[in-house]
Colleague: 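Let me begin by handing over the structure; questions about it come next.
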Amino acid sequence: MHASPSDTRSHTQETQGRPAIVLVSGGLDSATVLAIARTHGYTVNALSFDYGQRHRLELDASRRVAEAQGVARHAVMSFDMRQFGGSALTDDIAVPKHRDAGSIGEDGVIPVTYVPARNTIFLSFALAFAEVTGAKDLFIGVNALDYSGYPDCRPEFIRAFETMANLATKAGVEESQAPLTIHAPLMTMTKADIIRRGTELGVDYALTLSCYDPLPPNLACGACDSCQLRRKGFAEAGVPDPTVYYGQPG
């Protein structure tokens, strides 16, 4: 697992034009990861998921982000995790609101917005996409600092999945092939760091949506964990937040 591609000209020369798979949810983090992959010269294949989540607005956002950043291809996989439920994002469970942004993810309790095995499932689809496209590099926007405490956002999980990927795929076991690498460039960054980096790369955060529970007319609620962390990140980064939150004037 690589926290980030090396920020060197030689690295960009090595990766120029190479295919990569980038998981794109339509949120702030994945938009930044997409920009990072493009900056390093990869030909990006974006992958998003319609998995029965609470709302489809994030899919609209993922399409906006992918189009704005000029990806080579944007695939959207459809399956229904509502058949399992077990999460506020895939079941009739209320999304927590108004938690203290400074303590989110620090109490050791996995919140009800965690979708069981979601990143494992998403990365498995990404592996299949990688084998078909010949990509050796997979990018995901997980983060172990300013996050909600999900077990599948930790570096231990990414390292373990990368090991499995190189055991479970044709590309991984053929000696003539380069190994598959999972890049998690945001892993050790704060939300403010992520926003600063994305701003440097020209990411238009107005195109993104981070909210777990948007309210009419398609506005971020401003109170769920994801909105709280987003607001906190922009404030700490000293960057204007382009998000229009529910109840916000104008």
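Everything numeric here is computed off the predicted structure, so don't read it as measured data. Excluded from the calculations below are hydrogen atoms, water molecules and symmetry mates; all remaining heavy atoms, backbone and side chain alike, are included.
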Colleague: Any salt bridge linking Arg118 with Asp152? Criterion: basic side-chain nitrogen under 4.0 Å from a carboxylate oxygen.
Modeller: no
Colleague: Could you tell me which non-hydrogen atom of Ala223 sits nearest to which non-hydrogen atom of Gln228, and how far apart they are?
Modeller: O-CG, 3.6 Å
Colleague: What I'd like to find out is whether the side chain of Ile140 reaches to under 4.5 Å of the side chain of Phe161, using heavy atoms alone.
Modeller: no
Colleague: List the steps and the verdict of side chain to side chain contact (heavy atoms under 4.5 Å, CB included) for Ile36 and Leu186.
Modeller: CA-CA 10 Å; Ile36 289 171; Leu186 311 185; 4.0 Å; yes
Colleague: Do Thr32 and Asp29 come within less than 4.5 Å of each other through their side chains, counting heavy atoms only?
Modeller: no
Colleague: Measuring from atom CZ of Arg54 to atom CG of Leu89, what distance do you get when rounded to the nearest 0.5 angstrom?
Modeller: 7.5 Å
Colleague: Which heavy atom of Ala165 sits nearest to which heavy atom of Leu180, and what is that distance?
Modeller: O-CD1, 3.8 Å
Colleague: May I ask you to test the Tyr245-Arg230 pair for a side-chain heavy-atom distance under 4.5 Å?
Modeller: yes
Colleague: Looking at side-chain heavy atoms only, is the closest gap between Gln69 and Val44 below 4.5 Å?
Modeller: no
Colleague: Can you confirm whether Leu138 sits close enough to Phe129 that some side-chain heavy atom of one is under 4.5 Å from a side-chain heavy atom of the other?
Modeller: no
Colleague: Is the backbone N or O of Ser25 less than 3.5 Å from a side-chain atom of Ser62, with the two atoms forming a donor-acceptor pair by type?
Modeller: no
Colleague: Quick one: pull up OH in Tyr246 and SG in Cys211 and give me the separation to the nearest 0.5 Å.
Modeller: 12.0 Å
Colleague: Grab the two heavy atoms, one from Arg196 and one from Glu236, that are nearest each other, plus how far apart they are.
Modeller: NH2-O, 2.9 Å
Colleague: Hey, could you give me the CG/CG distance between Leu57 and Asn218, rounded to the nearest 0.5 Å?
Modeller: 4.5 Å
Colleague: Does Glu131 form a side chain to side chain contact (heavy atoms under 4.5 Å, CB included) with Lys170? I'd like the steps, not just the answer.
Modeller: CA-CA 8 Å; Glu131 290 221 89; Lys170 178 176 181 287; 3.5 Å; yes
Colleague: Please tell me whether Leu23 and Phe79 are part of a single hydrophobic cluster in this structure, the criterion being side-chain heavy atoms less than 4.5 Å apart.
Modeller: yes
Colleague: What's the shortest heavy-atom distance between Pro151 and Phe157, and which atoms?
Modeller: O-CB, 3.9 Å
Colleague: What verdict does the side chain to side chain contact (heavy atoms under 4.5 Å, CB included) test give for Tyr205 and Asp241, after you've listed the backbone C-alpha separation in whole Å, the side-chain angles of each residue and the deciding distance to 0.1 Å?
Modeller: CA-CA 8 Å; Tyr205 288 121; Asp241 184 354; over 6 Å; no
Colleague: So how far is it from His183 NE2 to Thr15 OG1, rounded to the nearest 0.5 Å?
Modeller: 8.5 Å
Colleague: Is it true that a side-chain atom of Asp50 and a backbone atom of Arg56 form a donor plus acceptor pair closer than 3.5 Å?
Modeller: no
Colleague: Given side chains that start at C-beta, do those of Pro116 and Phe84 come closer than 4.5 Å, heavy atoms only?
Modeller: no
Colleague: Around atom CZ of Arg73, are there more than 12 heavy atoms from other residues, nucleotides or ligands closer than 6.0 Å?
Modeller: no
Colleague: In terms of hydrophobic clusters joined by side-chain contacts under 4.5 Å, are Ile158 and Ile110 together?
Modeller: yes
Colleague: Any side-chain to backbone donor/acceptor pair from Ser48 onto Leu59? Under 3.5 Å, distance only.
Modeller: no
Colleague: Tyr212, Phe49: one ILVMFWY side-chain cluster at the under-4.5 Å cut-off?
Modeller: yes
Colleague: Take Ser30 and Val22, measure what side chain to side chain contact (heavy atoms under 4.5 Å, CB included) needs, and give me the verdict at the end.
Modeller: CA-CA 8 Å; Ser30 67; Val22 181; 5.9 Å; no
Colleague: Can a salt bridge be assigned to the pair Glu200 and Arg197 using a cut-off of 4.0 Å between side-chain N and carboxylate O?
Modeller: yes
Colleague: Do you know which two heavy atoms are closest between Pro240 and Pro242, and how far apart they sit?
Modeller: O-CD, 3.3 Å
Colleague: If I take atom OG1 from residue Thr190 and atom CD1 from residue Ile195, how far apart are they, to the nearest 0.5 angstrom?
Modeller: 8.5 Å
Colleague: Out of curiosity, does Leu209 fall in the hydrophobic cluster containing Leu28 (side-chain heavy atoms, cut-off under 4.5 Å, transitive links)?
Modeller: no
Colleague: Would you name the heavy atoms of Ala66 and His74 that are closest together and state the gap between them?
Modeller: CB-ND1, 3.7 Å
Colleague: Could you tell me whether the side chain of Thr181 and the main chain of Asp137 form a donor-acceptor pair under 3.5 Å?
Modeller: no
Colleague: Give, for atom OG1 of Thr90 and atom OH of Tyr114, the distance between the pair rounded to the nearest 0.5 Å.
Modeller: 11.0 Å
Colleague: Same cluster or not: Phe125 versus Val142, using hydrophobic residues (I, L, V, M, F, W, Y) connected whenever any side-chain heavy atoms lie under 4.5 Å apart?
Modeller: yes
Colleague: Any side-chain heavy atom of Met81 within less than 4.5 Å of one from Ile121?
Modeller: yes
